[in-house]
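The first residue of the sequence shown is numbered 1, and numbering continues consecutively from there.
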Amino acid sequence: MNKSIPTKVVRSAAPRIGQRAPETQAFGSVVPMPIALAEDTRRGSAANLNQLLADTITLRDLYKKHHWQVSGPTFYQLHLLFDKHYGEQNELVDRIAERIMLLGGVSVAMSADVAEMTLVPRPPKGREEAPVQISRLLHAHEIVLKEARAMARRATENGDDGTNDLLVSDVIRRNELQAWFVAEHVVDAPLARA
């Protein structure tokens, strides 16, 4: 019979759970960053991008909701399209959040905070018909595009070329393309006859 020999556990090997500490940076503030942009410019761009981030997270989540709940004759096509657009919006979420952090700011991250900030109207919890889902997505895209264009102009005026590039090259172009793809599904054309 093999007897187990008790071993001594070194205190430092145990996980330190339940830790608490004050925040290291308040939301809305910026820390100094050596990127040759004035603090006011970085703070303004970070605030604008946080609004855009909240709306982009909401748009992304609308795509996933509709991906799960879509039905009807175009179910398969929309199911795949909504999931593809969800993934692309998720990439934008990461790029926007990283730009905020690069500016020295703090990115909005939690769903409750996003829900408080977003300008995109909240959908019902239940299932809706595909044309209503599409209309809701198109409205959200329009909100994002309107603010991204205004923010891009402001970034240019303030000399923040990096933020302008993100907004124009990534956010505006991606949202315009997705809006076009989605809008073509609600053109009033017959499915089975010309």
Side-chain angles (χ1 to χ4, degrees), residues 25 27-28 30 33 35 37 41-70 74-123 130 133-156 158 160-186:
Q25 183 180 351
F27 183 78
V30 293
M33 293 296 281
I35 59 172
L37 282 176
T41 297
R42 292 184 296 106
R43 184 181 296 108
S45 288
N48 286 337
L49 289 171
N50 262 314
Q51 180 61 60
L52 184 67
L53 179 58
D55 295 329
T56 301
I57 289 170
T58 304
L59 174 56
R60 176 202 67 189
D61 292 351
L62 275 176
Y63 269 113
K64 188 54 84 171
K65 173 184 174 19
H66 297 332
H67 163 76
W68 289 328
Q69 296 178 356
V70 70
T74 58
F75 163 79
Y76 185 69
Q77 295 86 347
L78 288 176
H79 183 72
L80 295 178
L81 182 67
F82 290 168
D83 202 41
K84 178 180 183 287
H85 285 193
Y86 167 86
E88 292 170 353
Q89 287 294 324
N90 200 43
E91 288 176 13
L92 288 177
V93 164
D94 197 51
R95 287 187 186 145
I96 296 166
E98 287 177 350
R99 180 68 189 173
I100 294 165
M101 300 303 292
L102 184 147
L103 291 166
V106 177
S107 301
V108 67
M110 299 303 295
S111 57
D113 300 323
V114 169
E116 286 178 7
M117 288 179 65
T118 188
L119 301 174
V120 176
R122 186 176 180 165
Q133 292 174 328
I134 290 170
S135 293
R136 191 175 300 289
L137 289 165
L138 291 173
H139 181 63
H141 276 295
E142 194 166 30
I143 290 169
V144 166
L145 285 163
K146 185 176 181 179
E147 48 187 15
R149 286 191 178 98
M151 290 172 188
R153 284 190 294 276
R154 233 173 286 131
T156 296
N158 294 327
D160 186 355
D161 299 326
T163 296
N164 175 275
D165 181 54
L166 169 72
L167 292 168
V168 174
S169 298
D170 296 325
V171 176
I172 292 172
R173 289 192 178 139
R174 174 64 55 203
N175 278 277
E176 285 178 341
L177 188 64
Q178 286 185 350
W180 173 47
F181 274 51
V182 172
E184 290 300 315
H185 285 269
V186 286

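Using the six-membered ring where Trp is involved, His85 and Phe181 have ring planes that are tilted, between 30° and 60° apart.
Here the side chains of Glu142 and Leu138 are not in contact, with every heavy-atom distance at 4.5 Å or above. Using a 4.5 Å heavy-atom threshold, the side chains of Phe82 and Leu137 count as touching. Within the 4.5 Å cutoff, the side chain of Ile57 has no heavy atoms near those of the Ile96 side chain. Taking the side chain as every heavy atom from C-beta outward, Leu49 and Leu167 approach each other to under 4.5 Å. A 4.5 Å side-chain heavy-atom check between Thr163 and Leu103 finds at least one atom pair inside the cut-off. Within the 4.5 Å cutoff, no side-chain heavy atoms of Tyr63 are placed close to those of Lys84.
Between atom CZ of residue Arg154 and atom OG1 of residue Thr156 there is a gap of 11.0 Å, rounded to the nearest 0.5 Å. The distance from atom CG of Leu166 to atom CZ of Arg99, rounded to the nearest 0.5 Å, is 7.5 Å. Atom CD of Glu88 and atom CG of Asp83 lie 10.5 Å apart (nearest 0.5 Å). His185 contributes atom NE2, which lies 6.5 Å from atom CD1 of Ile134 (distance to the nearest 0.5 angstrom). To the nearest 0.5 Å, the span separating CG on Leu177 from CD1 on Ile172 amounts to 13.5 Å. Separating the NE2 atom in His141 from the CG atom in Asn175 is a distance of 5.5 Å, to the nearest 0.5 Å.
In this structure, the side chain of Asp113 does not engage the main chain of Val108 through any donor-acceptor pair within 3.5 Å. The main-chain N or O of Val120 is found under 3.5 Å from a side-chain atom of Thr118 such that the two form a donor-acceptor pair. With hydrogens and angles disregarded, a donor-acceptor distance shorter than 3.5 Å links the side chain of His79 to the backbone of His67.
Counting all heavy atoms, side chain and backbone alike, Ala54 lies closest to Val114 at O-CG1, 3.4 Å. The minimum heavy-atom distance linking Leu62 with Arg136 is given by the pair CD2-CD, 3.8 Å. Considering all non-hydrogen atoms of both residues, Gln25 and Val106 come closest at CD-CG2, 3.4 Å. Taking all atoms of both residues into account, the shortest heavy-atom contact from Asn50 to Met117 is O-CE, 3.6 Å. The minimum heavy-atom distance linking Phe75 with Val70 is given by the pair CD1-O, 3.2 Å. Pairing each heavy atom of Leu37 with each of Arg42, the nearest pair is O-NE, 3.2 Å.
Take Gln51 and apply the side chain to side chain donor-acceptor pair (under 3.5 Å) test, not counting sequence neighbours, and it matches Asp55. For His139, there are no ring pair (Phe, Tyr, Trp, His ring centres under 6.0 Å) partners two or more places apart in sequence or in a different chain.
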Check step by step if side-chain contact (heavy atoms from CB on, under 4.5 Å) holds for Glu176 and Trp180.
CA-CA 6 Å; Glu176 285 178 341; Trp180 173 47; over 6 Å; no
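In summary, Arg60 and Glu91 do not engage in a salt bridge, as defined by a charged side-chain N under 4.0 Å from a carboxylate O.
Gln133 and Gln69 form no side-chain donor-acceptor contact under 3.5 Å, judged by distance and modelled atom types alone. Asp160 and Ser45 form a side-chain donor-acceptor contact under 3.5 Å, judged by distance and modelled atom types alone. Glu147 and Asn48 share no donor-acceptor pair across their side chains, judged by distance under 3.5 Å alone.
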